[in-house]
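First the proteins, then the strands, lettered A, B, ... as listed; each starts at 1. When reading the values below, keep in mind they use all heavy atoms of this one structure, side chains included, and skip hydrogens, waters and symmetry mates.
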Amino acid sequence: MAPNLRPPKGTDDILAPDSRVWRRVLRTWDDWSERFGYDLVMTPIFEATDLFERGVGESTEVVRKQMYTFTDRGERSITLRPENTASVVRAYLNAGIQGEWKGAYSGPQFRYERPQGGRRRQFWQVGVEHLGTDRPGADAEVIELGYRFLVDLGVEGVSVQLNSLGDPEDRTAYVAELRSWLEARAADLSPDARETLKVNPMRVLDSKADAELISEAPAPSERLGQGASAAFDEVRTRLDAVGVPYETTPRLVRGLDYYTRTAFEYVGTSLDTAQTALGGGGRYDGLADQIGGRSVPGVGLAMGIDRIILSLGETDAEVALDAFVVATAGRDIDAAGLVSRLRSAGVRVDSIDTSRSLKAQFKAADRSGAATTLVVGDEWDGGAVRAKRMADGNETDVRIEEIATWLRS
RNA sequence: GUGGCCGUAGCUCAGCUCGGUUAGAGCGCCUGGUUGUGAUCCAGGAGGUCGCGGGUUCGAAUCCCGUCGGUCACCCCA
């Protein structure tokens, strides 16, 4: 262990069997996002720093202390993306797209924080953005997608927490009211909350230490203007109609500044760490304008894959092989031919060094988890191989050209 | 960024309080028993600068300091 082979603090190497769960989760995501009509969108892993400063918000925790920022050789300030929404909106604007557009992404994000269960410096998010419309139906559809995805994966106790933060005018008035309400009670606030109050009063609503006091505070959803209020109602009506359960959480706020109107989070019951949010999102009608483009409404969500997998437990490490090929002495080339032929036929198959003892090869076959082991031996000269079902030890000879179909039955 | 706990074979850990011959166990791994058979059994074997650096000492896995890493909570968030 002399040379340092560990990955950097807060990052992980993910190998089998854990990586099998990752494959399943990522495939499930691709499936659901396609079913909902989202095309794949890929943006750079790093961006100009000011994109995040303007997009995510100068007063947010993310921008103030969590960004991986460095200067490149061309003296540009570059930041590893701490989230993906600002990039996707930038890409939409840059491509000159008119009107509605739906994109899905998947990839690593970076935030400089003290690592903890369910909180890494490099973590994986999947998400979608639906731009160019302010219809509440789009909000409901985004929320439904995340819900279906989590339920399909088998996450236990999924619930959707829903709130509305109002339109910018509602929010300005509300924040002023909240600020004076909190300032009047500053003596009772925790020191952390008092600091937060100066920078961003709404985030005080998130303070765990002040939960009791906060429960008395005015809530954003109680101060909605007509437009936001009607939209909030419609989102709820639509969620009811498609059978997505949710609970209204009046004091739910989000850590990023760009949210307007709809804000939501997914929480699960099986995560036994302090981090309970599996995903979240909302509407951000002012974001495009803030990062320097035209005014384009949008709504989106982001899901934390690391946390979702944590909450899944390690139960389902599905076997990745259908068959394992072993060979007796001198049958190396025949065995290699069989492996190649099966792979071309769509069978997931592997072998180890076929010149090793049959015992060693069978041991590897057993460990691989493959249901069947195929023995290339003297039967090969008669056009067959011996197939052994590992679970019960039964063996039968199978014609070489029939193996692929035999394995599927 | 703040605080608590932890760092000995691939893995889980014992040994550390009361420093002292070649640092142990279980599991795993490799080879053989079976020159065509795994998961069981038997025999043998490989594998450790005791996280790293410094200090105290005749002598440090064991005591002291620092550092890095892990973990949990806060903060915050996915």
Between [options], which one does the side chain of [X] approach most closely?
X: A:Asp378; options: B:G38, B:C77, B:G36; result: B:G36
X: A:Glu61; options: B:G38, B:G70, B:C75; result: B:C75
X: A:Leu358; options: B:G38, B:A78, B:U37; result: B:U37
X: A:Gln66; options: B:G36, B:U71, B:C76; result: B:C76

Partner lookup for [N], please. Criteria are Watson-Crick or G-U wobble with both distances under 3.5 angstrom; report none if nothing qualifies.
N: B:G45; answer: B:C29
N: B:C13; answer: B:G24
N: B:A73; answer: B:U2

### Message
With a 4.5 Å cut-off on side-chain heavy atoms, are A:Arg185 and A:Glu216 touching?
### Response
no
### Query
Is there a side-chain polar atom (N or O) of A:Gln116 under 4.0 Å from OP1 or OP2 of B:A73?
yes
### Query
Is A:Arg120 near enough to B:U71 that one of its side-chain N or O atoms lies under 4.0 angstrom from OP1 or OP2?
yes
### Query
Toward the 5' end of RNA chain B, which comes first, A:Arg367 or A:Tyr112, by nearest nucleotide?
A:Tyr112
### Query
A:Arg203 or A:Arg114: which one's nearest nucleotide on RNA chain B is closer to the 5' end?
A:Arg114
Once hydrogens and angles are ignored, does a donor-acceptor distance under 3.5 Å link the base of [N] to the side chain of [X]?
X: A:Glu379; N: B:G36; result: yes
X: A:Arg119; N: B:C72; result: no
X: A:Lys388; N: B:U37; result: yes

Pick base, sugar-phosphate or nothing for [X], based on heavy-atom distances below 4.0 Å to the nucleic acid.
X: A:Glu395; result: base
X: A:Lys359; result: base
X: A:Gly393; result: base
X: A:Gly10; result: sugar-phosphate
X: A:Glu113; result: base
X: A:Thr196; result: sugar-phosphate
X: A:Arg356; result: sugar-phosphate

### Query
Do the charged groups of A:Arg331 and A:Asp334 touch, with an N to O distance under 4.0 Å?
yes
### Query
According to the interplanar angle, ranging from 0 to 90°, do the rings of A:Tyr266 and A:Phe264 count as parallel (below 30°), tilted (30 to 60°) or perpendicular (above 60°)?
perpendicular
### Message
Is it true that A:Thr28 and A:Asp152 share a donor-acceptor pair across their side chains at a distance under 3.5 Å?
### Response
no
### Flag for A:Asp332-A:Thr354: side-chain donor and acceptor within less than 3.5 Å
yes
